[in-house]
Structures are given as structure tokens and as C-alpha cells.
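Remarks on the structure that follows.
Reckoned from all heavy atoms, side chains included, excluding hydrogens, waters and symmetry mates.
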Number of protein chains: 2
Amino acid sequence: MATSNTGVRTLLGSHRLPNPVPAGEYARCPATDVLRRVSDKWTLLLITLLGQRPYRFNELHRAVDGISQRMLTRTLRTLKSDGLVEREVFPTLPPSVEYRLTPLGVSLLEPLSALAGWAVDHHAEIEAARQRRT
Amino acid sequence: MATSNTGVRTLLGSHRLPNPVPAGEYARCPATDVLRRVSDKWTLLLITLLGQRPYRFNELHRAVDGISQRMLTRTLRTLKSDGLVEREVFPTLPPSVEYRLTPLGVSLLEPLSALAGWAVDHHAEIEAARQRRT
DNA sequence: CTGTATCCAATCCGATACTG
DNA sequence: CAGTATCGGATTGGATACAG
């Protein structure tokens with residue numbers, strides 16, 4: 001299962017990093033960019049929910065306890081502009097809007113799930129380390 | 001390779017999320033917690049470098065173009081308190097300090113690498129979606 | 001060499017009020 | 001129902017100066 005790779009595929013796909021890592025390139029590093037996008041407060045949860053089935057706006061609002069309307073809109077807009085989520089408007093009265101993962105969004109579920117799984121498996125160790133507060 | 005799992009393992013390991021997701025529990029969701037920690041500006045790069053070999057403080061400072069002394073210290077301290085990195089002081093004159101990944105840190109490389117790989121593979125699609133700016 | 005301390009700017013996020 | 005607009009507090013990160 002584990003490969004012998006101890007590097008992280010980043011900085012345009014190289015396994016060995018240049019030294020020094022150029023500041024200009026790192027600022028646009030795909031891995032860091034994606035990581036930062038996906039790790040804001042609500043994105044992981046919204047991707048998880050939309051990974052199960054499509055949701056309407058207020059349905060998400062009800063499903064996610066504590067999210068503000070502003071943050072729900074903002075997060076969905078960002079996901080859409082990144083091509084991870086698509087938005088379909090049904091011109092009913094009142095209007096209804098459905099959100100669903102795009103194929104690109106679906107493809108993200110697996111690596112994201114792997115990292116989430118690691119977090120679940122090792123969270124106790126991290127907590128223990130924090131308790132030692134050294 | 002791909003499983004049929006379309007959920008993300010989160011919220012204490014459940015594959016199906018309760019509805020609504022309780023705000024109090026989500027605030028402590030291990031996956032979100034880990035994702036947010038690992039995605040600050042310099043953490044991914046530092047973990048990547050330390051995944052190759054141990055580094056001394058100034059060696060990291062030189063290797064990472066653009067990082068401030070303050071952020072290098074802060075990021076390493078956080079990684080250490082989370083148990084991902086360990087710090088060894090050699091009482092030479094002047095002192096030298098070596099940082100290396102702990103076994104826990106090493107175990108993070110694989111899922112992090114998977115996500116970084118996804119980012120590298122799909123970054124062009126994300127960029128294209130952003131250009132469409134819809 | 002390996003840090004701390006201080007200050008400041010930018011961004012993130014929540015609360016609230018309003019709208020087609 | 002599905003948003004937008006505005007405000008303000010909290011967090012993040014950079015620059016600079018100082019220290020064991």
C-alpha cells in the first residue's frame with residue numbers, strides 16, 4: 001500500500017524540491033492553493049454533503065447547523081468558480097436553486113477522504129501531543 | 001483503485017452525516033481541524049522538506065525563500081505541539097537546532113501526498129474554471 | 001545561530017438588516 | 001426561497017528590532 005515516496009507532489013509535480021524554493025513559484029503552488037481553498041471553515045463539510053446527493057440552498061442551510069447565510073453563499077460561490085460545484089436554477093415561484101458536485105468535485109472526494117481518514121485515525125495522537133504542550 | 005465511497009470520513013468517522021450537522025461537534029471535527037492546521041501558508045512546504053531529511057533552523061530559513069523568521073518559528077512550534085515534528089537542540093556554540101518529522105508526521109505524508117497529487121493533476125481544470133469566472 | 005517582541009495590514013468570518 | 005450589503009471582531013502573516 002505505502003510507496004517509498006516520502007515527498008509530497010507539489011511545486012508543479014516535482015518530487016524533489018529545489019533549494020531554495022522560489023518564493024514566486026511557491027505562491028502559485030497548486031497543492032498549497034488547493035489546500036488553502038478546501039480548508040476554509042465550511043468547505044469540507046459542504047463538499048461532504050454534496051458528495052452524498054444534490055442539495056437546495058435552504059436545505060444546506062438547515063443541514064449545516066451554525067453556518068450564516070453569507071458564508072453559505074460565499075463558500076458555494078467559491079466552489080462554483082473553482083469548478084467543483086455546479087448551480088442549477090429552477091425558475092419556479094419562489095425560485096429554487098440546486099447545488100451538486102461536478103465530476104471534478106467528485107474526483108476530489110477520494111484524496112480528501114484519505115486525508116480525512118488520516119485525521120480521524122490519528123486525532124487522538126495529536127490531541128495527546130497538544131496536552132503535553134511542550 | 002477507486003472505491004464506491006462518495007462520502008468523506010469525518011465527524012468522528014461516520015460516513016453518513018446527521019442532518020443537521022451539530023454545530024458543536026463540527027467545531028471539533030478532526031478532519032476539519034487537521035485540514036485547517038496543515039493548510040496555513042508554510043506548513044505544507046515545511047512538512048515536504050522535512051519529509052526528505054532533517055533540517056536545521058537556518059537551513060530551513062535559507063531553503064524557503066520568502067518566509068520570515070517569525071513565521072518559520074511559529075509554524076515549527078505549531079507542528080511540534082501537534083506532535084508532527086520534533087526538535088533537537090545541540091548545545092554547541094553557537095547552538096544548533098535540528099527539526100525532523102516524527103513517525104506521526106511521516107504517516108501524514110502519504111494522504112497529504114495524495115491530495116497534493118490531485119491538486120497537481122487537476123490544477124489546470126480549476127484554473128480554467130476560474131477563467132470562466134461565472 | 002536560533003530565536004522573541006512589537007506593531008501593522010490584510011483577510012476571514014459572524015451578526016444583522018434588507019430584497020426580488 | 002435564495003440571496004446581497006454593511007459592519008466589526010478575530011485571526012493570519014509580514015516587517016523590523018532586539019537578545020541569549
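- Looking at heavy atoms from C-beta onward, B/V85 lies in side-chain contact with B/L50 at the 4.5 angstrom threshold.
- Between B/F57 and B/Y99, the ring planes lie tilted relative to each other; the angle falls in the 30° to 60° range.
- Between A/K80 atom NZ and D/dA2 atom P the separation is 15 Å, expressed in whole Å.
- A/F90 comes within contact range of no nucleotide atom at all, as no heavy-atom separation falls under 4.0 Å.
- Between D/dC1 and A/R62, a contact under 4.0 Å exists linking OP1 or OP2 to a side-chain N or O.
- Base contact: A/T73 has a heavy atom under 4.0 Å from a base atom.
- Two end axes, each from the C1' atoms of five base pairs, can be drawn for the helix from C/dC1-D/dG20 to C/dG20-D/dC1; they diverge by 50°, to 10 degrees.
- In this structure, B/F57 places its CZ atom 6 Å from C1' of C/dT2, rounding to the nearest Å.
- In summary, A/E98 and A/R56 do not engage in a salt bridge, as defined by a charged side-chain N under 4.0 Å from a carboxylate O.
- Rounding to whole angstrom units, CG of residue A/L60 and C1' of D/dA2 are separated by 12 Å.
- In terms of phosphate contacts, A/R87 brings no side-chain nitrogen or oxygen within less than 4.0 Å of OP1 or OP2 of D/dA2.
- B/F90 is listed as a side-chain neighbour of B/E88, based on a closest heavy-atom distance under 4.5 Å.
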For this session: Check the pair B/R77 / B/T73 against side-chain contact (heavy atoms from CB on, under 4.5 Å), numbers first and verdict last.
Result: CA-CA 6 Å; B/R77 285 285 187 276; B/T73 303; 4.2 Å; yes
Problem set entry | nucleotides 11-20 of chain C: protein proximity per nucleotide (B base, S sugar-phosphate only, - neither; heavy atom, under 4.0 Å) | --BBB-B---
Exercise. After noting the C-alpha distance and the side-chain angles of A/I67 and A/H61, does the key distance pass the side-chain contact (heavy atoms from CB on, under 4.5 Å) rule?
Worked result: CA-CA 7 Å; A/I67 195 170; A/H61 201 185; 3.8 Å; yes
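- As rounded to whole Å, 10 Å separates atom P of D/dA15 from atom NE2 of B/H61.
- One interatomic measurement links the two molecules: CD of B/E59 to P of C/dG3, which rounds to 13 Å at whole-angstrom precision.
- When the P atom of D/dG13 is taken as reference, atom CZ of B/R37 falls 12 Å away, rounded to whole Å.
- Between A/R62 and A/E59 there is no salt bridge, since no side-chain nitrogen of the basic residue lies less than 4.0 Å from a carboxylate oxygen of the acidic one.
- Rounded to whole angstrom, the span from the OH atom of A/Y55 across to the P atom of D/dA2 amounts to 14 Å.
- Between B/L72 atom CG and C/dG3 atom C1' there is a gap of 10 Å when expressed in whole angstrom units.
- Residues A/L84 and A/L101 form no side-chain contact, since every pair of their non-hydrogen atoms from C-beta on lies 4.5 Å or further apart.
- In this structure, A/Y99 does not reach the D/dC1 phosphate: none of its side-chain N or O atoms is under 4.0 Å from OP1 or OP2.
- A cation-pi arrangement is found for B/R53 relative to B/Y55, the charged atom lying closer than 6.0 Å to the ring centre and inside a 45° cone about the ring normal.
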